[in-house]
Trainee: 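I have a structure I would like to understand better, so I am pasting it below and will then ask my questions one at a time.
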2 protein chains.
Amino acid sequence: MSTITSIRQMAADRDDLVEDTGSSIYERLRDDIIHGRVKANERLKVAELASRMGTSTNPVREALQQLRGEGFVIMTPNRGARVRPIDEEFVRDICEIEVLIEPALTRWFVGIATQADIDELERLQAEIEALNFGDEMKHSNLDLQFHRLMYDRHYNRHAVDLWVRHRHILWAISRGFPTSLSRQSNVLDEHRELIACIKAQDAEGAARAIGRHVEGSGRHIIERMRLGRHAV
Amino acid sequence: MSTITSIRQMAADRDDLVEDTGSSIYERLRDDIIHGRVKANERLKVAELASRMGTSTNPVREALQQLRGEGFVIMTPNRGARVRPIDEEFVRDICEIEVLIEPALTRWFVGIATQADIDELERLQAEIEALNFGDEMKHSNLDLQFHRLMYDRHYNRHAVDLWVRHRHILWAISRGFPTSLSRQSNVLDEHRELIACIKAQDAEGAARAIGRHVEGSGRHIIERMRLGRHAV
DNA sequence: AACTTTCAGATCGTACATTCTTTGTCAATA
DNA sequence: TATTGACAAAGAATGTACGATCTGAAAGTT
């Protein structure tokens, strides 16, 4: 037993110098694409990436295939992979889809919400307001919990998965961007209105509120992208 | 060398009875999953698949990664891939998403449609009616052209890609299933109503029509799945 | 009975071979 | 002389083979 753990430890130590923070090749590549560290439509050469990542070509190839499945790279036969541009259009497209999906998920939630759910939403909202955008990471987590509480029990797993993926992407893009004061107050307002509608069993109102929420969030991200072009 | 070719030949011969029409490994795997030829949650072993496909393991691995990106298989580290169940729920989930997306795409199309577009739609519709569901493949192609004409120029490439993917999946599932007479007439009616709304510049009406179209199509596929559970 | 050891089966990583694309050079022609 | 075409060689993607590592379960040991 001790031998096994020591071997594992050695492997971990050996990789520390290449800074392998548990992040897989897939995640590193995706992050590079989302944050624009690789230019749009740039060609991704397997051998080059492999040497950069400190591995052989196979893991890179598989990561690229996965990214292709998710639409982050575009592959043409015998001609390799190119990065799909992650620009304002991309964000707008995703947000427009979410403007369609999230209201539907929310409408359904209004029908099944219990008092306990509402209490939990208000508790999270109170925590968010108390934090007041002090810690980006914590806020993001609370916000995630807030929306997850509404969507996680939905029967349409496919739609929820889509939402999760889109949220990951948007979060990765907007990470590091500061949230404007105006957007901050809007976020709080929209959450409060959402809770009020759920309390009043007003499904349509809740749907409209979440629609505005998503749209405002998207607009804010796009504005930030236009300003600070990757303040990594 | 001759040994290798003979081995390949053997593998090819063995698979000829499963019809190897030059289709890629990815497509074959995806087809197997969509058509339920591999059971839900079944484990997919690369070596086994490789020999079945008559190739080495690497192409299979990459195909699996791509399928993972698209959500058809679920992979856990060092533990391989499992099949994501493709059942009525899956179809319902996809259709519900399309019920949200396609009306939005259609609404936009009404705003940019030219007389030439309408003429082309009517031409395609006339062809569809003339064919009258005689040739499944031809009908599918015409129907694809019909909807593609409306969606292809949309600015939201992400939404259109999603539509294309979903349509491929649904088509793969419903291939081989006969279309009931009632559904046939409904399809024609819905197309006609759609064209009428576009002519009249009635965006909302067109959106409602396409919504009913998608919903009816989904319902029909699910009914067929319930009936012919193994008409492979 | 619980824990450890062992081993087969499968995944993951590396190295190499093959095939296709692309690029650059050189000669032939207008 | 400039342009085009063929052709060779480099570059890169795809496929094959094999070794290393991990998992799961069945054996044996205390």
Side-chain angles (χ1 to χ4, degrees), chain A residues 1-20 22-29 38-39 41-69 72-84, chain B residues 1-12 14-15 20 22-30 38-39 41-69 72-84:
Chain A
M1 184 189 73
S2 65
T3 65
I4 291 175
T5 48
S6 66
I7 287 174
R8 286 226 189 104
Q9 196 55 50
M10 280 168 61
D13 288 339
R14 180 157 38 78
D15 277 357
D16 269 345
L17 47 95
V18 206
E19 188 242 352
D20 178 13
S23 59
S24 63
I25 294 177
Y26 158 76
E27 280 168 341
R28 289 175 66 182
L29 268 177
V38 286
K39 278 178 297 185
N41 286 92
E42 184 174 320
R43 190 161 172 193
L44 294 172
K45 304 176 189 176
V46 206
E48 183 187 316
L49 291 173
S51 70
R52 275 234 320 262
M53 303 282 179
T55 69
S56 72
T57 62
N58 231 348
V60 176
R61 282 196 266 176
E62 296 188 358
L64 284 177
Q65 290 291 346
Q66 192 181 345
L67 289 168
R68 150 151 115 167
F72 286 108
V73 306
I74 296 167
M75 301 187 72
T76 43
N78 291 324
R79 221 174 285 190
R82 292 183 175 279
V83 309
R84 178 163 192 162
Chain B
M1 185 189 69
S2 66
T3 65
I4 291 175
T5 48
S6 65
I7 288 174
R8 281 219 194 114
Q9 199 52 52
M10 279 168 61
R14 184 155 36 77
D15 273 359
D20 176 13
S23 55
S24 68
I25 294 177
Y26 158 77
E27 281 168 340
R28 290 176 66 181
L29 268 177
R30 205 191 62 156
V38 286
K39 278 179 296 184
N41 287 93
E42 183 174 321
R43 190 163 173 194
L44 294 171
K45 305 175 189 177
V46 269
E48 182 187 317
L49 291 173
S51 72
R52 275 235 320 261
M53 303 282 178
T55 69
S56 71
T57 63
N58 229 346
V60 175
R61 281 197 266 176
E62 296 187 0
L64 285 176
Q65 290 291 346
Q66 192 181 346
L67 290 168
R68 150 151 117 166
F72 286 109
V73 305
I74 296 166
M75 301 187 73
T76 43
N78 291 325
R79 220 173 288 186
R82 290 184 175 280
V83 180
R84 178 162 189 162

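What you see is a predicted model, and the numbers here were worked out from it, not measured in a lab. Keep in mind that the numbers below use all heavy atoms, side chains included, and drop hydrogens, waters and symmetry copies. Chain letters run A, B, ... following the sequence lines, proteins first, then strands; residues in each count from 1.
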Trainee: Just jot down the side chain to side chain contact (heavy atoms under 4.5 Å, CB included) partners of Thr57(A), sequence neighbours excluded, or say none.
Mentor: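 Residues passing side chain to side chain contact (heavy atoms under 4.5 Å, CB included) with Thr57(A): Val46(A), Ala50(A), Arg61(A).
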
Trainee: Tyr26(B) has an atom OH; how far is it from atom C1' of dT14(D), in whole Å?
Mentor: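 Atom-to-atom, Tyr26(B) to dT14(D), this comes out as 18 Å.
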
Trainee: Whether the side chain of Glu27(A) engages the backbone of Ser24(A) through a donor-acceptor N/O pair (distance < 3.5 Å, no angle test) should be reported.
Mentor: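 Answer holds: yes.
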
Trainee: Are any side-chain N or O atoms of Glu42(B) and backbone N or O atoms of Lys39(B), one a donor and one an acceptor, separated by less than 3.5 Å?
Mentor: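 Flag set: sc Glu42(B) to bb Lys39(B) pair under 3.5 Å.
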
Trainee: Measure the CZ-CZ distance between Arg82(B) and Arg43(B) for me, rounded to the nearest 0.5 Å.
Mentor: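 Arg82(B) CZ to Arg43(B) CZ: 6.5 Å, rounded to 0.5 Å.
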
Trainee: Show me the protein contacts with nucleotides 10-16 of chain C, counting only N or O atoms at under 3.5 Å.
Mentor:
unit_1	atom_1	unit_2	atom_2	d
dA10(C)	OP1	Lys45(B)	NZ	2.9
dT11(C)	OP1	Leu44(B)	O	3.3
dT11(C)	OP1	Val46(B)	N	3.4
dT11(C)	OP2	Val46(B)	N	3.3
dC12(C)	OP1	Asn78(B)	N	3.1
dG13(C)	N7	Arg61(B)	NH1	3.1
dG13(C)	O6	Arg61(B)	NH2	2.8
dT14(C)	OP2	Ser56(A)	N	2.7
dT14(C)	OP2	Ser56(A)	OG	3.0
dT14(C)	O4	Asn58(A)	ND2	3.0

Trainee: Applying side chain to side chain contact (heavy atoms under 4.5 Å, CB included), can you list everything that pairs with Ser51(A), at least two apart in sequence or on another chain?
Mentor: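 Not a single residue meets the side chain to side chain contact (heavy atoms under 4.5 Å, CB included) criterion with Ser51(A).
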
